[in-house]
Chemist: 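Sharing a structure, written as C-alpha cells. Questions coming.
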Amino acid sequence: MKTEHTYGDGSVCQTANGRWIVKISLGSDPAGKPLTKRFSAKTKAAVEKKLRDFKKAQSQETKLSAVQYPLSAYYPSSRSLSR
C-alpha cells in the first residue's frame with residue numbers, strides 16, 4: 001500500500017556516511033530562490049522527530065506558510081511612474 005505525501009511533509013533520506021537527513025520546502029523568496037530547511041541526525045526516528053518539532057513550532061507561529069514579503073519587494077521602485 002502506498003502512502004500519500006502532501007506538501008510540507010519533507011523528504012527523508014540516508015547519506016553515504018549513514019546519517020539521516022530531512023529537507024523541507026518553505027516556499028520561495030521574491031527572487032524565486034527556493035527556501036528550504038534541513039535537519040540531520042544519526043537515526044531516522046531522531047530526524048523525523050526534529051521535523052515534527054519544527055512543524056509544530058512553525059504552526060504555533062505562522063501555520064508553516066511561505067515567508068511573507070511586502071508587496072514592494074516584488075515590484076521595482078515606483079519613481080518612474082510618478083511623473
Chemist: side-chain contact (heavy atoms from CB on, under 4.5 Å) with Q14: which residues, sequence neighbours excluded?
Modeler: W20
Chemist: Measure across V47 and F39 and return the closest heavy-atom pair with its distance rounded to 0.1 Å.
Modeler: CG2-O, 3.5 Å
Chemist: Give a yes or no on whether R19 atom CZ has more than 12 heavy-atom contacts from other residues, nucleotides or ligands under 6.0 Å away.
Modeler: yes
Chemist: Measuring from atom SG of C13 to atom NZ of K44, what distance do you get when rounded to the nearest 0.5 angstrom?
Modeler: 10.5 Å
Chemist: Quick one: pull up CZ in R38 and CD1 in I21 and give me the separation to the nearest 0.5 Å.
Modeler: 4.5 Å
Chemist: Heavy atoms, side chains only, cut-off 4.5 Å: are K55 and I24 in contact?
Modeler: yes
Chemist: Can you tell me how far CZ of R52 sits from NZ of K56, rounded to the nearest 0.5 angstrom?
Modeler: 10.5 Å
